[in-house]
There are 2 protein chains.
Amino acid sequence: MRLSKKAEYGLRALIYAARFPEGTSFQIKDLAEKNGIPKKFLELILLELKNAGILRSRRGVGGGYLLGRRPETIRSSEIIRAIEGPLTNGAVVKEGSKIPGEQASPAVARLVRETSEAIESILDRWTLADLAREEQEATERKRRHVMYFI
Amino acid sequence: MRLSKKAEYGLRALIYAARFPEGTSFQIKDLAEKNGIPKKFLELILLELKNAGILRSRRGVGGGYLLGRRPETIRSSEIIRAIEGPLTNGAVVKEGSKIPGEQASPAVARLVRETSEAIESILDRWTLADLAREEQEATERKRRHVMYFI
DNA sequence: ATAATGTCTATTTTATCGATAGGGATTGAT
DNA sequence: ATCAATCCCTATCGATAAAATAGACATTAT
């Protein structure tokens with residue numbers, strides 16, 4: 001199961017965004033530097049997330065990005081879909097196959113369908129708020145663990 | 001969620017193999033022709049499945065491939081793993097990242113882990129015997145449906 | 001007017017996928 | 001012993017997609 005860099009960056013960017021108080025914006029540059037994400041690449045990603053209605057932006061001096069909606073209302077399925085397109089691949093073997101004899105396998109199709117549904121249900125369940133909390137808690141745990149050894 | 005051609009061909013090949021009585025072998029050539037799968041490509045796939053212990057082979061004239069074990073004991077997770085490598089991607093962001101600032105996100109890692117586990121549990125549940133039965137039943141249903149319209 | 005920001009389109013680079021090529025090894029039949 | 005049918009193995013190609021970079025444009029606070 002592979003998550004594209006783009007999707008990973010996108011998720012991380014949104015988790016970052018969720019840390020800011022509602023209405024407060026942040027800059028691509030900071031996000032890129034603090035998270036080690038290529039700035040130009042990140043621009044594209046944030047733009048897509050904006051066009052998907054997940055982020056909003058303010059241009060010009062002092063501008064930046066901010067969440068377009070409350071993080072509780074943003075499901076990770078929506079995030080991934082915004083970045084990678086439709087989650088479920090529809091037909092496993094497309095109708096107009098080039099190879100003459102090629103035929104779809106109903107069994108394989110069913111296997112893929114069931115897997116896709118399972119994935120989708122998990123991605124539907126996790127909201128950005130959940131992810132942000134998880135991130136914060138993990139960081140906190142780590143911090144305490146380090147403290148313990150000082 | 002994308003299934004590679006290779007994995008799809010592999011699954012279809014094994015479903016095909018499961019139709020033969022135990023101990024009976026089939027030839028790459030027939031499988032390729034009847035299922036519209038590129039023969040040379042299929043060779044590679046069957047070889048991998050053989051090295052994974054899922055298929056057995058007999059060389060020389062009259063040789064061919066056959067299932068290495070009873071289809072009830074072959075889980076689709078094993079099939080996919082044999083063809084595509086480890087299902088779960090291990091670390092989402094590897095430890096020794098090149099980019100200095102780059103850091104793994106525990107939240108993203110967890111999301112990926114949970115999704116992978118869900119996939120794996122489904123793929124563990126479906127055995128080759130299940131797939132073969134499903135395929136046969138679907139074909140049967142289709143046949144009856146066609147008959148109905150004659 | 002200027003500098004700081006996001007917006008857009010194009011291009012480059014790199015990796016992966018799907019497929020093909022061409023022998024080599026083994027075996028049954030004659 | 002020879003031949004043909006089969007699997008076995010390695011290399012390579014071409015197309016596509018992923019990842020990243022480049023450069024100019026648009027907007028806005030100061």
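In what follows, every chain begins at residue 1, and chains take the letters A, B, ... in the order their sequences are listed.
- Counting to the nearest Å, the P atom of dA19(C) and the CD1 atom of Ile45(B) are 9 Å from each other.
- As rounded to whole Å, 16 Å separates atom C1' of dA15(C) from atom CD of Glu84(B).
- A salt bridge is absent between Glu33(B) and Lys39(B); no separation between the charged side-chain nitrogens and carboxylate oxygens falls under 4.0 Å.
- Side chain to side chain, Asp124(A) and Ser121(A) fail the donor-acceptor criterion of an N or O pair below 3.5 Å.
- Between Arg2(B) and dG18(C) there is a side-chain polar atom (N or O) within less than 4.0 angstrom of OP1 or OP2.
- Between Glu117(B) and Arg113(B), no side-chain nitrogen of the basic residue sits less than 4.0 Å from a carboxylate oxygen of the acidic one, so the salt-bridge criterion is not met.
- Listed pair Tyr9(B) / dG18(C) fails the phosphate criterion, with no side-chain N or O lying under 4.0 Å from OP1 or OP2.
- Residue Lys142(A) places its NZ atom among 12 or fewer non-hydrogen atoms of other residues, nucleotides or ligands, all under 6.0 Å distant.
- Remark: C1' of dT14(C) and CZ of Phe41(A) are 12 Å apart, rounded to the nearest angstrom.
- Rounding to whole angstrom units, NZ of residue Lys5(B) and P of dA17(D) are separated by 13 Å.
- Across the protein-nucleic acid pair, Glu48(B) atom CD and dC17(C) atom C1' stand 13 Å apart, rounded to whole Å.
- Taking the side chain as every heavy atom from C-beta outward, Ile80(A) and Leu3(A) approach each other to under 4.5 Å.
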**OP:** Starting at the 5' end of nucleotides 3-13 of chain C, put B wherever the base has a protein heavy atom under 4.0 Å, S where only the sugar-phosphate does, and a dash everywhere else.
**Re:** BBBBBBB----

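- Look at Glu43(A) and Lys40(A) and you find a salt bridge, because one of the NZ, NE, NH1 or NH2 atoms lies within 4.0 Å of a carboxylate O, short of that distance.
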